[in-house]
Engineer: 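Below you will find the structure I want to go over with you.
First the proteins, then the strands, lettered A, B, ... as listed; each starts at 1.
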Amino acid sequence: MSDYLTISDALDALRDNKITATELVQDAFAAADAVDSELGIYLARFDEQALAAAAEADRIYAAGDPAGALLGIPLGIKDIISTLEGETTAQSLVLDREWGAAIGDAVVTARLRAAGGVITGKLTTMEYATGVPDPTKPFPIPKNPWNTDYWTGGSSSGTGSGVASGAILGGLGTDTGGSIRIPAAFCGISGLKATFGRVPKSGCVPLGYSLDNIGPMARSARDCALMLNVLAGYDASDPCAAEQPVEDYVAGLTGDLSGLTIGLDRLALVYADRDPAIDPAIDAAVKALTALGAKVVDVTLPLWDELSAATRITSRSEAFAYHAPDLQSRWDDYFEATRQGVGAAVAFSGADYVQAQRVRRVGQKALAALFETVDLVITPTSSVAGWSLDELGSMTERFLAMHTGYFNAVGNPALVVPMGFNDIGLPLSLQVVGRPFDETTVLRAGDAFQRVSDFHLAVPPMMSSVAVA
Amino acid sequence: MPTLDSEAIVTGLLAAAQLTVSPQEKATFVKDYPLMRSNADALYLAELEFVEPAVTFDPTVYYPA
Amino acid sequence: MHSNEEKLAVVLEMSGITPPAEDQEAILRAFSTGRELSKLIFSVAQARYEEPALIFSARV
Amino acid sequence: MSTDLSMNSSAADAASHSHKFLTIADAAAALRDGSITSVALTADIVEKATALNPALGAYVTITGDAALAQAAAADVAFAAGNDFGPLQGIPLAIKDIIAMKGAGTTANSRVLDPAWGAGTDAPVVARLRAAGSVFVGKSTTSEFALGMPDASKGFPVPHNPWDVERTPAGSSSGTGIAVAAGLALGGLGTDTGGSVRGPACVNGHTGLKVTFGRVPKSGVVPLAFSLDSIGPMARSAYDCALLLEVMAGYDASDPNAADVEVPKYSELLNGDIDGLKIGLPIPYFFDHDQLEPEVRDAVLSGVQQLVGMGATSKEMALPYAAEAKDANMLILGAEAYAYHRNNLVNRWEDYGNLTRPTLARGAFYTAADYAQASRFRSMWSAEVAKAFEHYDVLITPSAPSPAQLVKDMDPSQRLVQPSYTGHWNLTGLPAVAIPSGFTASGLPLSMQIIGKPFAEATVLKVADALQRVTNWHLLHPPVETLYATAA
């Protein structure tokens, strides 16, 4: 495993030519070769193209004034976002393979490439970015590098395990109800669901049109900021893309939280079977944030159940509209959890969907009012540290335990960062939420916390015991 | 699973919607249902596979510009 | 009065999907949960006269 | 295919013995040259409206005293040299689904909470009030802006002043009747699938559905959140322009309101349509077997007149026109049902017997159907936008037939009959219905002019150009015969 764990460290090393891009990418592939068969990180690898890109990066570094914010950095793409290389499968037998080929690079992929990023391959996802693995289907089962009996979380599973295992230094995930934040939480890394519309999502297979986000996953908040600088910004190809000015998210990482008021909602009652290690970890995080100059106050997030339900109804209904023809004609080709999950949309009438949008607006108003009293809100990302692969819990249990869908309903930016481990060594995660398009303050808090904690730099035990050539 | 006729479907839908209607009203629904259903089905055009809905979401509303 | 099974059979017919026996039980559970979610969002008093959050723009 | 433009016999009779009905523009001039006062004008209209309400059912509430007070204030302002604009002192009808101070709002229903909007003006009403206009009263509407009247619910039943056995259409029935019969010089309607243009069509005057977001719709009971619009109804396109100048413009209270500058519409109606490119979408709109030939011919002759004034017209096609109508109905149904769900469950009987079946149909669509209709809406809006790269306006009939006999109508007909109005709610485009002639039996005919987003000036200019060379919009129904029945 490379001794450069974060993108920012790797960039410094590359610029100080302590390592070449080619070596960095080779180390990444070596780490992948050592664990991928067990962890299920990749669906497709682009070794040849990646090494060619790395060589080009080395040429640019050698030429003296390297441009490209991510020059030479090995990055993975969730296989629901299209790339020039290879096909896009959505980890499904159903997706028409011509779809990705016709698009080539999605806007986000092209932006990473233009910034010098080295695209190493396509990472595993839950089928069509929803549900849980299905052993009866010919695809890898994503396993948690911290304990391979456990699920990585989803749906950006391979991105989570890929970063945690060092197979990549960063990657793209998508988040409709928590699919960046949950695998980042379970795999002990950082992940950012930015404001809805911040990052263009054309070239990505949709799950919930009015909820979907593409976002960065990496070890640190700083790395997420580095990637967001490249990913953010309007593009006419996505009708949901916002024409909001983009800031320099790295420059905003001052490490100083003085003057900030942070509202804490422990969400203690949302899920009965809560991991006992969560509250002590939250207390420690609060202490750290206070020491960094922030004032932390207790708050109660408004309409928690109702907004979570609104996200649920919206994503199921929008997904069913997309999948209806295939669900009708080839039901069994879908993963069991995907077809039952999307199929659950039959329960909702058109009026239910419209009513969910009215509840979202009520939630927007209520949360905007809360954000007049606080600058950020923090919560535990989940009530559990994960699920073992053989008892993944019912759909409803997962829906209740994960504290993420609420923020897709209202579109606010939400970053997750590691905040410790539970008593069997599974990572715990803190969710930091800000006002729409205030990613700067969210990332500043995450980065400041990571200057006084090192959970995001912890390496899964299996990696040290694995012989890396 | 036998396909249901309009009468059974309308009965179920009215129950799901918790509506109690008069016999004549229900008879009208049963008469109209097949055409309504085919009108809705007709919108699932293949060419719409990758088209976004016309209504989009703006997260900034209610926040100072 | 009408069981969820009957209602589910109807909405499956409407939605044009015919899940095999193995999936019926899970779909029925999801259907029942769905009906609860529907009741929940219709119980939000402040939403009575509220606009949806999804806006149509005449400018394509 | 030009028809003889001279009025057929029965229409001529209607015009000859009609007493002088004013347009807003004429009244505005008369108020300023001293030939009439607002109090006199208003008193005459209030008296006529009261006398004819039993026969025509134009108003739920006539606010006679408040109207006379407004009129007096307008006259005082004129005398003091204060001129708030062309609407000062002009008697208007306000659809009884729009909040207005001094009168409750019923939406023609026993279900609407009487406290809703009590003592407030909707922004659009506040703007008209600030412009010095006079409110004759709250005009009848289809219950909650859809369905057909249920006499058993105790509200005045609207009748077509051209033939009381025929429908005045809806849902802005009262305003349509009032403008046609001279019971107001103009007014407000709302349009979600054709509810301004339908009444304008069968009552023989002008009605404009505005671009979605052009006029704030807060303070209005919604029918379908993403389709609703408030529009001006009056005799002429010019009058509609005078109303729109005051109504339009952003208001923060309506999340759908568009922050787009409001031009002085009336000053842009210069009658010059030289080089204007007209598109005629033939499939569905002109070749449907349920489209009556008299309707089509009147539209085509109107187009010929415009061509005669320098415009060009070309036959073209919009794909999936029938599906677009259904998509509008589906979105309308689902959104309306969400608003009415709890009341339908708990108070089914309190709804009109022809309202509740129409509303309940909204429950029969799945959530995915609604999301899919919205995807269809994106595609179809893009197709129409492509057409508008080649044309300045599209012209179609306003409806497949003139006013139908009420006894022949049934709630389910909407499913099978073609309709030419919902397409422009689906795409959110401005569309005006204007008179295009009369049937042999003396019933008004109508044509529809559709424009690009926020191009109300172009749409109204084309309508006004035609109304400078025709007078269909100035002809009046024979209301005198109705006084006898009303007394």
Side-chain angles (χ1 to χ4, degrees), chain A residues 196 209-210 239-240 302-303 305-314 316-318 320-321 323-332 334 336-337 339-349 351-366 394-396 399-400 409-411, chain C:
Chain A
F196 182 81
Y209 293 105
S210 66
C240 296
L303 296 166
D305 293 338
E306 292 81 357
L307 276 174
S308 304
T311 296
R312 197 86 186 150
I313 291 170
T314 303
R316 292 301 185 211
S317 307
E318 290 174 351
F320 195 96
H323 286 287
D326 289 329
L327 281 172
Q328 288 157 2
S329 56
R330 40 192 312 197
W331 174 269
D332 293 327
Y334 280 92
E336 180 184 284
R339 61 186 187 239
Q340 290 176 3
V342 176
V346 299
F348 307 127
S349 69
D352 291 337
Y353 177 86
V354 174
Q355 186 64 11
Q357 308 320 312
R358 301 172 83 195
V359 169
R360 286 175 73 177
R361 181 172 293 283
V362 169
Q364 281 183 291
K365 284 185 184 177
S394 71
M395 259 196 284
T396 305
F399 163 56
L400 293 173
V410 289
Chain C
M1 203 244 308
H2 279 279
S3 68
N4 273 343
E5 281 81 1
E6 283 167 330
K7 292 178 194 167
L8 175 60
V10 165
V11 291
L12 286 176
E13 175 75 24
M14 271 177 72
S15 307
I17 53 174
T18 48
E22 76 199 71
D23 290 315
Q24 291 281 345
E25 199 264 328
I27 292 273
L28 179 58
R29 257 202 331 275
F31 178 81
S32 313
T33 311
R35 294 322 301 158
E36 295 314 312
L37 295 183
S38 164
K39 281 198 190 68
L40 180 63
I41 58 169
F42 273 103
S43 68
V44 178
Q46 316 93 307
R48 180 65 194 89
Y49 295 116
E50 191 54 83
E51 292 276 330
L54 297 186
I55 298 294
F56 172 69
S57 159
R59 282 213 175 100
V60 172

Engineer: Are C/Glu50 and A/Lys365 packed together at the side-chain level, in the sense that at least one heavy-atom pair is separated by less than 4.5 angstrom?
Structural biologist: yes

Engineer: Taking the basic N atoms (NZ, or NE/NH1/NH2) and the acidic carboxylate oxygens, is any pair closer than 4.0 Å for A/Arg339 and C/Glu22?
Structural biologist: yes

Engineer: If you count heavy-atom pairs under 4.5 Å between each of A/Gln355, A/Arg360, A/Met395 and chain C, which one has the most?
Structural biologist: A/Gln355

Engineer: Please step through side-chain contact (heavy atoms from CB on, under 4.5 Å) for the pair C/Lys7 and A/Val346, ending with a clear verdict.
Structural biologist: CA-CA 10 Å; C/Lys7 292 178 194 167; A/Val346 299; over 6 Å; no

Engineer: Looking only at non-hydrogen atoms, find the nearest pair between C/Ile41 and A/Glu306 and report the distance.
Structural biologist: CG2-O, 4.0 Å

Engineer: What are the two closest heavy atoms between C/Pro20 and A/Asp332, and how far apart are they?
Structural biologist: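 C/Pro20 and A/Asp332 have their closest heavy atoms at CG-OD1, 3.8 Å.
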
Engineer: Which answer fits A/Ile313, side chain, backbone, both or neither, if we ask what part of it has an atom under 4.5 Å from a heavy atom of chain C?
Structural biologist: side chain

Engineer: Taking side chain as everything from C-beta outward and backbone as N, CA, C, O, which of these in A/Asp305 sits under 4.5 Å from a heavy atom of chain C? Side chain, backbone, both or neither.
Structural biologist: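 Contact with chain C is through both the backbone and side chain of A/Asp305.
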
Engineer: Between A/Tyr209 and chain C, with a heavy-atom cut-off of 4.5 Å, which part of the residue counts as in contact: side chain, backbone, both or neither?
Structural biologist: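 Contact with chain C involves no heavy atom of A/Tyr209 at all.
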
Engineer: Measure across A/Arg361 and C/Pro52 and return the closest heavy-atom pair with its distance rounded to 0.1 Å.
Structural biologist: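 Looks like NE-O, 2.9 Å.
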
Engineer: Under a 3.5 Å distance rule, please check whether A/Gln328 uses its side chain to pair with a backbone N or O of C/Ser15 as donor and acceptor.
Structural biologist: yes

Engineer: How close do A/Val362 and C/Ala47 get, heavy atom to heavy atom, and via which atoms?
Structural biologist: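 Smallest interatomic distance, heavy atoms only, reads CG2-CA, 3.7 Å.
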
Engineer: Name the option with the most non-hydrogen atom pairs under 4.5 Å to chain A; the candidates are C/Gly34, C/Ala30, C/Ala53.
Structural biologist: C/Ala53

Engineer: Give, as side chain, backbone, both or neither, the part of A/Leu307 having an atom under 4.5 angstrom from any heavy atom of chain C.
Structural biologist: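 Neither part; nothing is under 4.5 Å.
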
Engineer: Look at C/Ile27, C/Val11, C/Asp23, C/Thr33 and state which one has the largest set of heavy-atom pairs under 4.5 Å with chain A.
Structural biologist: C/Asp23

Engineer: Would you mind telling me which of A/Gln340, A/Glu336, A/Arg312 has the largest number of heavy-atom pairs within less than 4.5 Å of chain C?
Structural biologist: A/Gln340

Engineer: Should A/Val359 and C/Phe42 count as side-chain neighbours, where that means a heavy-atom distance under 4.5 Å?
Structural biologist: no

Engineer: What residue in C/Asn4, C/Val44, C/Leu40 has the most heavy-atom pairs under 4.5 Å with chain A?
Structural biologist: C/Leu40

Engineer: In terms of heavy-atom proximity below 4.5 Å to chain A, should C/Leu28 be classed as side chain, backbone, both, or neither?
Structural biologist: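 Neither part.
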
